[in-house]
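Taking it in order: structure first as C-alpha cells, then the write-up.
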Amino acid sequence: MLSATRVSEFFIQFSFSAAVTSIGGAGNAQIVIETALGAETPSAASQVDAMTVRFQYDSGIASSGNAWEILAAPEGLDFHGETFVVPQGGVVG
C-alpha cells in the first residue's frame, strides 16, 4: 500500500507499507505527479521516518487532488530487498 499526502505547495509525502530508505543524491524521476503545468518529477527527497519519504516539487503548485503515478521502481529509494510492485498510482490527499 502506498499513499501520497500534500505537505505544502512544494512537498508531497509518500508513505509506504514497508520500510524504505531515501538514497542521498540518487534520482527519483519515476515518481510523477500531474500538475496544472503537466507531469512533474521531484528535485529532492528527504527521509521522514522508516516508511515515509518527502519529495520536493519545484513548481510550487503541488495540490491535493493531483494524480500521481510510479511506473518503475524509483532508483532513489532502497526497499531493503523487498519487491516494489509497479505500476502504482492514485490521487494526492
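Please read all numbers here as calculations on a predicted model, not as lab measurements. Values below: all heavy atoms of this structure, side chains included; hydrogens, waters and symmetry mates excluded.
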| What closest approach, in Å, do Phe11 and Gln56 show between heavy atoms, and which atom pair accounts for it? |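 So the two residues come closest at CE2-CB, 3.5 Å.
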At their closest point, which heavy atom of Asn28 faces which heavy atom of Pro74, and how far apart are they?
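For Asn28 and Pro74, the tightest heavy-atom pair comes out as OD1-CB, 3.9 Å.
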Donor-acceptor under 3.5 Å ([X] side chain, [Y] main chain):
| X | Y | value |
| --- | --- | --- |
| Glu40 | Ser59 | yes |
| Thr5 | Gly93 | no |
| Gln47 | Val20 | yes |

Can you tell me how far the CZ atom of Arg54 sits from the OG atom of Ser8, to the nearest 0.5 Å?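 Result: 8.0 Å between the selected atoms.
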**Item:** Residue among Val53, Asp78, Val48 satisfying side chain to side chain contact (heavy atoms under 4.5 Å, CB included) with Ser22
**Value:**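 So, applying the side chain to side chain contact (heavy atoms under 4.5 Å, CB included) to Ser22 and each of Val53, Asp78, Val48, only Val53 qualifies.
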Find out if a path of hydrophobic residues (ILVMFWY) with successive side-chain heavy-atom gaps under 4.5 Å connects Phe16 to Ile12.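 Shared cluster, yes.
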| Using the ring of each side chain (for Trp, its six-membered ring), is Phe84 parallel, tilted or perpendicular to Phe79, with breaks at 30° and 60°? |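 Phe84 vs Phe79 ring planes: parallel.
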**Asked** For the residue pair Phe10 and Tyr57, is the inter-centroid distance of their aromatic rings smaller than 6.0 Å?
**Response**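 Aromatic pair excluded; centres sit 6.0 Å or further apart.
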**Prompt:** Taking the side chain as C-beta and beyond, is there a heavy-atom pair between Thr21 and His80 under 4.5 Å?
**Reply:**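 Side-chain contact under 4.5 Å: yes.
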Give the table of side-chain donor-acceptor pairs shorter than 3.5 Å for residues 29-39, with sequence neighbours excluded, one pair per line with atom names and distance.
unit_1, atom_1, unit_2, atom_2, d
Gln30, OE1, Glu75, N, 3.3
Gln30, NE2, Glu75, OE2, 3.3
Glu34, OE1, Ala39, N, 3.4
Thr35, OG1, Leu37, N, 3.2
Thr35, OG1, Gly38, O, 3.0

